[in-house]
Amino acid sequence: MLARTTRQLCTSTPATLHLRLARRSMSSTPDCLFCKIVAGQIPCKKISESATTIAFLDIFPTSPGHSLIIPKYCAEKLHQLPAEQAADLGSELIKVAKAVMTATGCEDYNVLQNNGEAAHQVVKHVHFHVIPKPSAKQGLGVSWPSAKADDAVLDELQAKITAAMDGEE
């Protein structure tokens with residue numbers, strides 16, 4: 001049975017058990033699709049696995065080679081991952097991107113990571129998509145509605161974000 005915490009490791013290996021026990025308990029959904037994949041309860045087309053991550057082919061790909069890289073640690077949003085888990089995830093992301101581009105022969109690709117429903121996150125478990133972009137019709141289509149920002153608004157945001165960054169140290 002999956003542990004009942006939002007900030008949990010999806011596995012209980014001795015090397016990582018201390019991290020799970022050290023995290024603050026919060027309620028979570030025991031029906032997390034990706035936790036079930038990590039636990040081996042749901043099969044996947046696995047392409048790599050490390051001590052802290054697993055990568056597999058997306059079963060609803062936007063192009064051939066569309067892959068997902070997930071942490072074994074269960075967190076809904078990227079900022080909720082412990083730094084060491086995020087670092088491992090980033091390292092594996094690079095390895096998977098290189099392998100997928102080699103295997104597909106594609107030179108261009110997108111890396112996508114969504115946080116929250118408004119940002120189009122469907123599975124509430126951190127995950128990155130590596131999406132090959134072989135043509136204008138295949139792969140991720142992106143609309144980027146942007147406009148020139150007001151300098152005063154940027155200054156205010158810069159100050160707030162910098163203060164928040166200073167508080168993280």
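The model shown is predicted, which means the values in this text are computed figures rather than measured ones. Because only heavy atoms are used, hydrogens play no part in the values below, and waters and symmetry mates are left out as well, while side chains stay in.
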Q: For side-chain contact (heavy atoms from CB on, under 4.5 Å), just list the numbers for Phe128 and Leu89, CA-CA rounded to whole Å, side-chain angles, deciding distance to a tenth of an Å, and then say yes or no.
A: CA-CA 9 Å; Phe128 283 82; Leu89 187 60; 3.5 Å; yes
Can you tell me how far the [atom1] atom of [X] sits from the [atom2] atom of [Y], to the nearest 0.5 Å?
X	Y	atom1	atom2	value
Ile161	Leu154	CD1	CG	9.5 Å
Cys74	Gln85	SG	CD	11.5 Å
Lys45	Ile37	NZ	CD1	12.0 Å

Backbone N or O of [Y] within a donor-acceptor pair of the [X] side chain at under 3.5 Å?
X	Y	answer
Gln80	Glu76	yes
Ser63	Pro132	yes
Glu117	Ala119	no
Gln121	Gly116	yes
Lys72	Ser50	yes

Compare every heavy atom of [Y] with every heavy atom of [X], then report the nearest pair and how far apart it is.
X	Y	value
Ile131	Gly139	CG2-CA, 3.9 Å
Ser67	Val96	CB-CG1, 4.3 Å
Cys44	Ile54	SG-CD1, 4.4 Å
Ser143	Pro145	O-CD, 3.4 Å

Q) Going through the distances and angles, do Thr62 and Gln138 end up as a side chain to side chain donor-acceptor pair (under 3.5 Å)? A) CA-CA 6 Å; Thr62 62; Gln138 287 185 298; over 6 Å; no
Q. Between His129 and His127, does the ring centroid distance fall short of 6.0 Å?
A.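 So the answer is yes for these two rings.
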Q) After noting the C-alpha distance and the side-chain angles of Cys35 and His125, does the key distance pass the side-chain contact (heavy atoms from CB on, under 4.5 Å) rule? A) CA-CA 8 Å; Cys35 288; His125 185 122; 3.7 Å; yes
Q | Residues Ile70, Val126; criterion side-chain contact (heavy atoms from CB on, under 4.5 Å); working and verdict | A | CA-CA 6 Å; Ile70 67 170; Val126 171; over 6 Å; no
Q.
The criterion is salt bridge (charged side-chain N to carboxylate O under 4.0 Å, His left out); which residues satisfy it with Lys77, sequence neighbours excluded?
A.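 Lys77 satisfies salt bridge (charged side-chain N to carboxylate O under 4.0 Å, His left out) with no residue once adjacent residues are dropped.
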Q. Who are the salt bridge (charged side-chain N to carboxylate O under 4.0 Å, His left out) partners of Lys133, not counting sequence neighbours?
A.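 Scan of Lys133 (salt bridge (charged side-chain N to carboxylate O under 4.0 Å, His left out), adjacent residues dropped) gives none.
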**Q.** Matching residue for His66 among Leu57, Asp58, Ile59 - test: side-chain contact (heavy atoms from CB on, under 4.5 Å)
**A.**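 Of the listed residues Leu57, Asp58, Ile59, the side-chain contact (heavy atoms from CB on, under 4.5 Å) partner of His66 is Asp58.
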Q | Set of residues satisfying ring-ring contact (aromatic ring centres under 6.0 Å, His included) with respect to Phe56, sequence neighbours excluded | A |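 Testing Phe56 for ring-ring contact (aromatic ring centres under 6.0 Å, His included), a comparison that skips the adjacent residues, returns Phe34.
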Q.
Using side-chain contact (heavy atoms from CB on, under 4.5 Å), reason through Leu33 and Ile42 one step at a time and then give a plain yes or no.
A. CA-CA 8 Å; Leu33 175 68; Ile42 295 176; 3.4 Å; yes
Q: Go through the structure and list residues passing side chain to side chain contact (heavy atoms under 4.5 Å, CB included) with Ser91, not counting sequence neighbours.
A: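 Testing Ser91 for side chain to side chain contact (heavy atoms under 4.5 Å, CB included), a comparison that skips the adjacent residues, returns Lys95.
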(Q) Test: side chain to side chain donor-acceptor pair (under 3.5 Å). Region: residues 144-157. Which pairs qualify, not counting sequence neighbours? (A)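 Matches after skipping sequence neighbours: Glu156-Lys160.
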Q: Quick one: which residue pairs count as a side chain to side chain donor-acceptor pair (under 3.5 Å) with a foot in residues 102-116, not counting sequence neighbours?
A: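 Every side chain to side chain donor-acceptor pair (under 3.5 Å) pair that includes a residue of residues 102-116, provided the two are not neighbours, is Gln113-Asn115.
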Q. Are any non-hydrogen side-chain atoms of Val111 and Leu93 less than 4.5 angstrom apart?
A.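 The answer is yes, as the side chains (C-beta and beyond) meet within the 4.5 Å cut-off.
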Q) In the single-linkage hydrophobic clustering (I, L, V, M, F, W, Y; side-chain heavy atoms under 4.5 Å), do Val100 and Leu140 co-cluster? A)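 Different clusters.
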